[in-house]
Amino acid sequence: MRCAAIILAAGKGSRMNSNTQKQYMELEGFPILYYSLQTFEQSALVDEIVLVTGEREIEYCTKQIVERYQFHKVTKIVPGGSERYLSVYEGLRVVQDTDIVLIHDGARPFVTEDMIQRTIESAGACGSGITAVPAKDTVKIVNGELFSVETPPRERVWMMQTPQTFPYETILRAYEKVIAQRIKNITDDAMVLELAFHKPVRIVEGSYSNIKITTPEDLDLAAIFCKKRNKKFEKGY
């Protein structure tokens, strides 16, 4: 069984208040994007990586990230679309000869080999494997005037993460269908499968450290996680 990973690095990162796009900002000496690419590169289960980035950043990614850090599994670097789901579709279009595809946000540097393995296993057995964690806080559903209208049971609320993993042909057909129908406001890949085929997705528990770096506060937290991770590697566990 062949597995490919699509790593998304086309976001603008407007909430970082920086001229540098968040995926290229430095985290403990390396670009944020480096960490997720490194994990997928070293995974024994992943055969190919497709990197999706902004058209203007293709040369930078090629020279300063892929070639500099010798990510040999990156077979293609393609320009993304105007929205996340369109960027995913551009990546799906160029993947070749794969059975399972993992879709991951490049701004999540702390993906692990364990997450990769368990989402692949779930996708093979159940048709999807979506990394997520249980909500820690009570969640309120609000109306347009910001009044609370519903409080879902916290034990049934999970916060979506990536990787989100699927049989390749299934998720490709799902994307083709929602794009043909011009469905918008798509926020993750699981939603594409739900909208296209009305199929439930299978949750795989992730980690609270598998954060997506979106704001300056996230970058501060990521530095703490990164230092802890480096200490574990130094100790050999």
Between Y24 and Y60, does the ring centroid distance fall short of 6.0 Å?
yes
List the atom of D188, the atom of R84, and the distance in Å for their closest heavy-atom pair.
CA-NH1, 4.0 Å
Treating T39 as the side-chain partner and Y35 as the backbone partner, does any N or O pair qualify as donor plus acceptor under 3.5 Å?
yes
Looking at R2, is its backbone amide N or carbonyl O close enough to the side chain of D99 to form a donor-acceptor pair, meaning the two atoms are under 3.5 Å apart?
yes
Would you name the heavy atoms of I49 and V46 that are closest together and state the gap between them?
CG1-CG1, 4.2 Å
S122 side chain vs S128 backbone, donor-acceptor pair below 3.5 Å:
yes
Between S87 (side chain only) and G81 (backbone N and O only), is there a donor and an acceptor less than 3.5 Å apart?
yes
So, for I7 and S36, which heavy atoms are closest and what is the spacing to 0.1 Å?
CG2-OG, 4.2 Å
Mind checking whether T53 and L8 have side chains closer than 4.5 Å, heavy atoms only?
no
Looking at E121 and R118, does any basic side-chain N land under 4.0 Å from a carboxylate oxygen?
no
How long is the straight-line distance from CD1 of I100 back to CD1 of I116, given to the nearest 0.5 Å?
13.5 Å
Shortest non-hydrogen separation from G91 to V52 and the atoms involved
CA-CG2, 3.9 Å
Hey, could you give me the CD/CD1 distance between E28 and I224, rounded to the nearest 0.5 Å?
10.0 Å
So that I know where these two stand, are Y85 and Y175 an aromatic pair - ring centroids less than 6.0 Å apart?
no
Does atom CG of N185 have more than 12 heavy-atom neighbours from other groups under 6.0 Å away?
no
Side chain to side chain, I171 and V101, heavy atoms closer than 4.5 Å:
yes
Taking the side chain as every heavy atom from C-beta outward, state whether I32 and L219 have any pair of such atoms under 4.5 Å apart.
yes
For L92, does its backbone N or O pair with a side-chain atom of Y168 as donor and acceptor, under 3.5 Å?
yes
If only atom types and distance count, is the side chain of T119 paired as donor or acceptor with the main-chain N or O of P163 below 3.5 Å?
no
With a 4.5 Å heavy-atom cut-off, do V204 and I130 have their side chains touching?
no
Considering residues, nucleotides and ligands other than E155, do more than 12 of their heavy atoms fall under 6.0 Å from its CD?
yes
Indicate, with yes or no, if V111 and Y208 share a hydrophobic cluster defined by side-chain heavy-atom contacts under 4.5 Å among Ile, Leu, Val, Met, Phe, Trp and Tyr.
no
Test item: Q23 side-chain N/O and A9 main-chain N/O as donor-acceptor pair under 3.5 Å:
yes
With hydrophobic residues grouped by side-chain heavy-atom distances under 4.5 Å, do V192 and I183 end up in a single group?
yes
Value rounded to 0.5 Å, distance of CG in N210 from CE in M159:
13.0 Å
What's the separation between atom CD in Q42 and atom CD in Q38, rounded to the nearest 0.5 Å?
4.5 Å
Of all heavy-atom pairs between A222 and I213, which one has the smallest distance, and what is that distance?
CB-CD1, 3.6 Å
With side-chain contact (heavy atoms from CB on, under 4.5 Å) as the test, pick out the partner of D189 among H104, Q164, M160.
Q164
Could you see if L45 belongs to whatever hydrophobic cluster contains F166? Use Ile, Leu, Val, Met, Phe, Trp, Tyr and a side-chain cutoff under 4.5 Å.
no
Do L102 and L37 share a hydrophobic cluster, counting only Ile, Leu, Val, Met, Phe, Trp and Tyr and linking them when any side-chain heavy atoms are less than 4.5 Å apart?
yes
Do C61 and L51 come close enough that some side-chain heavy atom pair is under 4.5 Å?
yes
Straight-line distance of E194 CD to M191 CE, nearest 0.5 Å:
8.0 Å
Just so I know, are the side chains of E48 and K73 near enough to count as touching, which here means a heavy-atom distance under 4.5 Å?
no
Any chance you could lay out the side-chain contact (heavy atoms from CB on, under 4.5 Å) test for E113 and M115, step after step, and finish with the verdict?
CA-CA 5 Å; E113 172 71 6; M115 293 178 202; over 6 Å; no
Is it the case that over 12 heavy atoms from other parts of the model lie below 6.0 angstrom from the CD atom of E55?
no
Between CD1 of I77 and OG1 of T62, what distance do you get to the nearest 0.5 Å?
3.5 Å
Yes or no on side-chain contact (heavy atoms from CB on, under 4.5 Å) for V133 and Q161, after CA distance, side-chain angles and deciding distance?
CA-CA 8 Å; V133 291; Q161 299 182 340; 3.7 Å; yes
Using the rule that two of Ile, Leu, Val, Met, Phe, Trp, Tyr join whenever any of their side-chain heavy atoms come within less than 4.5 Å, decide whether V74 and V78 are in one cluster.
no
If we ignore hydrogens and angles and just use 3.5 Å, is the side chain of K177 paired with the main-chain N or O of A196 as donor and acceptor?
yes
Mind checking whether T138 and T151 have side chains closer than 4.5 Å, heavy atoms only?
yes
Stepwise side-chain contact (heavy atoms from CB on, under 4.5 Å) check, I103 with T162
CA-CA 7 Å; I103 303 168; T162 63; 5.8 Å; no
Working for side-chain contact (heavy atoms from CB on, under 4.5 Å), residues F110 and C226
CA-CA 8 Å; F110 303 117; C226 196; 4.1 Å; yes
Which atom names give the shortest non-hydrogen contact between K136 and R154, and what distance separates them?
O-NH1, 3.1 Å
Ignoring hydrogens and angles, tell me if any N or O in the side chain of Y34 forms a donor-acceptor pair with the backbone of Y69 under 3.5 Å.
no
Without swapping roles, check the side chain of D105 against the backbone of A107 for a donor-acceptor pair under 3.5 Å.
no
A side-chain contact here means heavy atoms from C-beta on lying under 4.5 Å apart; do R56 and P79 qualify?
no
